[in-house]
Amino acid sequence: MKRLKKWGAALLAAGMILSLTACSQPKEGTTKTQRAAENKEQKEEAKGQSQETAVSAGEKVTLSLFYWDATFAEEIDELIKAYNAQEGNSNVTIEPTQLPWAEYWTKLETTLATGDDAPDIFWVNLAHLVEYLPAGYMLPLEDGVVELDKYSATAMDLLKGEDGKHYGVPFLLDPNVLIYNKAMFDQAGLSYPTNEWTWEDFREAAKALTKEDKSQYGYCFRTDSGQGSMHEWLVMAGNNEFDYINSVPLFAQDDALEGWSFVYDMMYQDGSTPTGAQMTEIQGDTYFQSGQAAMVFGAPPRIVANAEALGADNIGVCMLPTGARRACSFSVCSMAGYADTKYASQVQSFLKFTASEEGMTILSKAGLTAHMDCFDVYEQNLGIDAGAIKESLEQSTLVPILYSVGHNSEFQTAFNSCIGEVYLTTDLDKEGIRKIVQSYADQCTALTQ
């Protein structure tokens, strides 16, 4: 479990679970979208002055690479060495720079915007990718850099620009799954969850696993807006939460209300998950890791944290139960090239190697993977049958956690507050839930007027 512990601690510390959708704050009086448009216009004006440097055969080239997670350092070095070992690549030196999450985005955005010391290659998450694309920061990938049939089509579509080209090589996908405590199911004489479970199967099992004295709950809900919380119930109900491109809240629609109400009834009718008030003191995952709850939803890094707490042998994983549709939220992290790099050919070459099975096998040793043929490496390091993760990518409707290109932080704040108010308010009927949810959707809409 040594590798597992290293990976889990670092991903959690880096904010990969709760902060994958975090955006740096806009400058006063200027939205991110406006700045992106201004940057793109400036970059277009300078296009003629920024041409790729011609490199003769054998001439030495140095590329810089920015990334945020220190636990990938060993794998990044191995990736570079493997790339250099290939014929024709020995003249390319790649200098990696790891920056802590808190300062990563500030430095990256500053260098990309000014062009001063900008990295030739960098990691980017979805929340920033949707800003960097219109700003003109990213290098379109050449055809063939990514073998598209080896990656989730949904993930690749999210990395596609309006020109139809892809702008990143995904190395980390984390669809949400159902994580359960095998021992608690054994003690209750219940069969383990399966990929065929429906919402009602889940609800009945949660009630059966809840003890009268509340020393054990069947399920632990999360009242924050991180992965594995309300997002899952909304997308399983058939709702996409947000039209993030046009900044339109969708989480108050009729289908979404089914998700809000289902969880509310589990909490206050069934008593099979801790109440909102209880979870203001102890978050849902803590109940699971302390052996006080039998099931929790979460992205793959949570599997690691839970396995550390309870032992890998006690952890089982399956797809989320099916509601109106089979669906889950997920996020994508990718490796991308800088649009104005002087060495576009070498950047394309490195990204192509990274996207290959050989390259992704190396990165998969550090944790999550995106290449469909590398899940065996991922599972070997995890020590748990994680087939449900791959199956979720292949079979589920995948909904990215993205709030709004122009008002991301404000939309996220409103959504967080909505979750808190709904599940801290007792004695609500469906209409009462609707009114609360609609009021927060209206707040989001008002921001765009």
Side-chain angles (χ1 to χ4, degrees), residues 1 4-5 8 12 17 175-224 226-230 232-233 236 262-323 326 328 379 382-389 391-392 423:
M1 294 279 285
L4 182 151
K5 290 181 179 179
L12 293 172
I17 292 174
N176 279 260
V177 292
L178 167 59
I179 308 167
Y180 59 92
N181 185 316
K182 292 180 178 179
M184 288 185 177
F185 275 82
D186 293 340
Q187 290 165 8
L190 296 178
S191 299
Y192 296 150
T194 71
N195 290 348
E196 286 67 48
W197 264 21
T198 64
W199 277 17
E200 287 308 318
D201 294 326
F202 179 87
R203 184 173 183 177
E204 290 305 311
K207 286 193 284 189
L209 289 158
T210 300
K211 295 183 177 180
E212 287 188 18
D213 63 1
K214 302 303 183 185
S215 61
Q216 176 181 305
Y217 292 92
Y219 167 56
C220 51
F221 180 60
R222 290 175 57 187
T223 54
D224 59 31
Q227 287 177 274
S229 60
M230 198 62 223
E232 309 318 312
W233 293 105
M236 287 188 290
F262 190 86
V263 176
Y264 192 90
D265 290 346
M266 286 186 68
M267 185 177 291
Y268 290 109
Q269 287 185 17
D270 302 348
S272 57
T273 189
T275 66
Q278 287 174 289
M279 286 183 288
T280 59
E281 299 180 7
I282 304 175
Q283 265 301 327
D285 286 339
T286 304
Y287 282 93
F288 186 80
Q289 292 174 16
S290 63
Q292 295 175 275
M295 297 183 287
V296 68
F297 293 170
R302 285 290 175 190
I303 301 173
V304 177
N306 294 330
E308 288 180 4
L310 299 172
D313 291 343
N314 288 320
I315 299 296
V317 180
C318 71
M319 297 173 69
L320 296 179
T322 301
R326 164 149 279 170
C328 66
E379 287 187 333
L382 184 61
I384 295 173
D385 179 359
I389 299 171
E391 290 162 349
S392 295
Y423 297 108

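The minimum heavy-atom distance between M184 and G291, with the atom names listed, is CE-O, 2.8 Å. Residues P300 and I389 come closest through the heavy atom pair CG-CD1, 3.8 Å. The two residues Y268 and G276 have their closest heavy-atom pair at OH-N, 3.7 Å. Closest non-hydrogen pair, V177 versus V317, comes out as CG2-CG1, 3.6 Å.
A distance of 12.0 Å separates CD of E281 from OG1 of T286, quoted to the nearest 0.5 Å. Put simply, CG on L178 and CZ on F297 are 6.0 Å apart, with the number rounded to the nearest 0.5 Å. Note that CG of D270 is 4.0 Å distant from CZ of R203, once rounded to the nearest 0.5 Å. Once rounded to the nearest 0.5 Å, the distance linking CE of M267 with CE of M279 reads 3.5 Å. K182 NZ to L310 CG: the interatomic distance, rounded to the nearest 0.5 Å, is 12.0 Å. One finds the SG atom of C220 at 11.0 Å from the CD1 atom of I282 (value rounded to the nearest 0.5 Å).
Under the ring-ring contact (aromatic ring centres under 6.0 Å, His included) test applied with F221, the options F262, Y423, F288, Y287 reduce to a single match, Y423. Applying side-chain contact (heavy atoms from CB on, under 4.5 Å) to N306 and the options V296, N181, N314, I384 leaves one that passes, V296.
In this structure, Y180 and F185 have perpendicular ring planes: the angle between them is above 60°, well past the 30° mark. Aromatic ring orientation, W233 versus Y219: perpendicular (interplanar angle above 60°, classes split at 30° and 60°).
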Worked verdict on R302 versus Q289 for side-chain contact (heavy atoms from CB on, under 4.5 Å): CA-CA 10 Å; R302 285 290 175 190; Q289 292 174 16; 4.2 Å; yes

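With salt bridges taken as basic N to acidic carboxylate O contacts below 4.0 Å, none links K211 and D213.
Between the side chain of Q216 and the main chain of A294, no donor-acceptor pair closer than 3.5 Å is present. The closest donor-acceptor contact from the side chain of N176 to the backbone of C328 lies at 3.5 Å or more, if one exists at all. Side chain of S272 to main chain of T210: no donor-acceptor pair is present (N/O by atom type, distance under 3.5 Å, no hydrogens or angles).
Atom CD of E196 sits in a crowded spot, with more than 12 heavy atoms from other residues, nucleotides or ligands closer than 6.0 Å. Remark: D313 CG is loosely packed, at most 12 non-hydrogen atoms of other residues, nucleotides or ligands lying under 6.0 Å away.
For the residue pair Q292 / S290, a side-chain donor-acceptor distance below 3.5 Å is found, with atom types taken as modelled.
At least one side-chain heavy atom of I315 sits less than 4.5 Å from a side-chain heavy atom of I179. Between S392 and L320 there is no side-chain heavy-atom pair separated by less than 4.5 Å.
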